[in-house]
Amino acid sequence: MITKLDSMLLPRKKFIYHYKNVRWARGRHETYLCFVVKRRVGPDTLTFDFGHLRNRSGCHVELLFLRYLGALCPGLWGYGAAGEKRLSYSVTWFCSWSPCVNCSIQLCQFLNNTPNLRLRIFVSRLYFCDLEDSLEREGLRMLTKAGVRISVMSYKDYFYCWQKFVDCKKSNFKAWEELHQNSVRLTRKLNRILQVEDPKLQGDGCANLSWFS
DNA sequence: ATTTTCAAT
């Protein structure tokens, strides 16, 4: 079991403030990314490393993560010794915001060039996804097409993060008001975003009713 | 009813 020094863990207040999935997340001018890196060896996956990052001076946290990826996943690009299988990694991350379109594009490109890396994303809130035709929505669809599974965090995910990434001093995770409702609402929203390939092909919703006539 | 968003000052 890998553990971290307390100083490497997120303070409780910081985690709650930045991961709170409230409707109007005023003042969250930072984004946090908690990650778990697993090394895939045959059918087994072993936790290799975990931690958290925060965006820095103009660099979104997702791109910061890509910068560190080489260090986090040794051998990801290397060619192993003769007869040795190339190493495969799985990364799961929990981000306080969903990625912007630029980060999504860069992630897609990166993943296309790195087939031995699998990425699974959980997000607490959806970033600029209110408008039907927002580029951020399109970015999320691109990621899905690139094989990334994206989900909205639910209670069990916050609970897991609290145990894993937060300096929780053994205290139990306490849900805030409306955690569940907000998670359900955002999940529905994300599902709608990911289902709609092309809104123009969707029809007006009445077409499906022809089933009943 | 309305409010925000990986700041800028």
Side-chain angles (χ1 to χ4, degrees), chain A residues 8-37 49-72 91-111 117 119-144 146 148-154 157-158 161-162 164-167 175-194 196 199:
Chain A
M8 305 281 283
L9 297 168
L10 263 170
R12 284 179 283 192
K13 276 187 180 171
K14 201 159 256 189
F15 175 79
I16 295 288
Y17 180 70
H18 285 285
Y19 278 85
K20 222 173 193 181
N21 61 359
V22 287
R23 186 108 165 81
W24 311 109
R26 180 190 289 273
R28 272 68 169 185
H29 295 301
E30 290 176 336
T31 298
Y32 284 80
L33 188 159
C34 294
F35 63 88
V36 178
V37 176
D49 200 2
F50 71 94
H52 73 268
L53 293 171
R54 195 199 80 193
N55 65 301
R56 301 276 168 196
S57 59
C59 184
H60 280 192
V61 72
E62 294 90 339
L63 302 186
L64 206 58
F65 182 84
L66 288 187
R67 274 195 213 164
Y68 290 148
L69 198 62
L72 288 169
V91 168
T92 301
W93 83 38
F94 303 84
C95 211
S96 52
W97 286 113
S98 61
C100 77
V101 63
N102 179 46
C103 289
S104 292
I105 290 169
Q106 304 224 30
L107 278 168
C108 284
Q109 287 173 348
F110 188 91
L111 292 168
L117 176 68
L119 178 62
R120 173 89 168 93
I121 295 181
F122 290 86
V123 300
S124 190
R125 297 178 304 266
L126 297 172
Y127 186 71
F128 281 112
C129 282
D130 284 347
L131 298 174
E132 283 289 333
D133 58 352
S134 88
L135 291 172
E136 271 61 32
R137 286 184 176 221
E138 189 55 36
L140 298 181
R141 289 192 283 267
M142 285 179 56
L143 279 170
T144 303
V148 181
R149 218 172 123 209
I150 310 169
S151 306
V152 167
M153 288 174 72
S154 65
D157 305 311
Y158 292 110
C161 285
W162 184 260
K164 185 95 181 165
F165 305 106
V166 177
D167 183 15
W176 48 86
E177 291 250 345
E178 305 199 327
L179 179 154
H180 182 65
Q181 294 95 307
N182 287 333
S183 176
V184 168
R185 176 178 54 78
L186 289 167
T187 297
R188 288 203 187 108
K189 188 167 173 177
L190 179 62
N191 286 342
R192 279 199 303 273
I193 290 169
L194 297 182
V196 179

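Order of the sequence lines sets the chain letters (A, B, ...), proteins ahead of strands, with each chain counted from 1.
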* Would you give the length of the straight line joining atom OG of A:Ser124 to atom CZ of A:Phe15, rounded to the nearest 0.5 angstrom? =>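 Those atoms lie 7.5 Å apart.
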
* Ring centroid separation for A:Trp162 and A:Tyr19, is it under 6.0 angstrom? ->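 No: the rings miss the under 6.0 Å criterion.
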
* Asked: Just checking A:Ser98: base, sugar-phosphate only, or nothing, at a heavy-atom cut-off of under 4.0 Å?
  ->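 It contacts base atoms.
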
* Using atom P of each nucleotide, how far apart are B:dT9 and B:dT5 to the nearest Å? ->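 Straight-line distance between the two P atoms is 15 Å.
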
* What integer number of Å spans the C1' atoms of B:dT2 and B:dC6? ->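 The same atom, C1', in both gives a distance of 25 Å.
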
* Run the side chain to side chain contact (heavy atoms under 4.5 Å, CB included) check on A:Leu117 and A:Leu69 step by step: do they pass? -> CA-CA 10 Å; A:Leu117 176 68; A:Leu69 198 62; 3.5 Å; yes

* Asked: First and last nucleotide of DNA chain B touching chain A, 5' to 3', heavy-atom cut-off 4.0 Å?
  ->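 Nucleotide range with atoms under 4.0 Å of chain A: B:dT3 to B:dA7.
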
* Asked: Is the number of heavy atoms from other residues, nucleotides or ligands under 6.0 Å of A:Arg149 CZ greater than 12?
  ->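 Open.
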
Exercise answer: donor-acceptor pairs, residues 91-99 of chain A side-chain atoms, under 3.5 Å, sequence neighbours excluded:
from    : atom 1 : to       : atom 2 : distance (Å)
A:Ser96 : OG     : A:Tyr32  : N      : 3.0
A:Ser98 : OG     : A:Tyr127 : N      : 2.7

